[in-house]
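We're numbering straight along the sequence, starting at 1. Just so you know, these numbers use all the heavy atoms, side chains as well, and skip hydrogens, waters and symmetry mates.
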Amino acid sequence: MRSLGIVRARAAGVAAAALGLVAPVLRAGGETDLQEISPLVWVMLAISVAGASITFSFLVYALWKFRDPTTKGRRYG
């Protein structure tokens, strides 16, 4: 009876190994983590570029609007 238990244990080990070898093959057919996350990365990049451009535009506007008129024509150096 004891040898039957060993045979069952080996069969279970072989089955687990077979499933372990099949699982990566089945996984390769789906999307990778990078493919799943890529749209989110592009949205975050677009939001950050839009925010940076708005911030830089406001900086340029503020420098242009609130420049000191007494420095017009002044020579530096």
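Once rounded to the nearest 0.5 Å, the distance linking CG of Asp33 with CD of Gln35 reads 9.5 Å. Here the CH2 atom belonging to Trp42 is positioned 14.0 Å from the CD1 atom belonging to Ile47, to the nearest 0.5 angstrom.
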Take Ser57 and Val60, measure what side-chain contact (heavy atoms from CB on, under 4.5 Å) needs, and give me the verdict at the end.
CA-CA 5 Å; Ser57 300; Val60 169; 5.8 Å; no
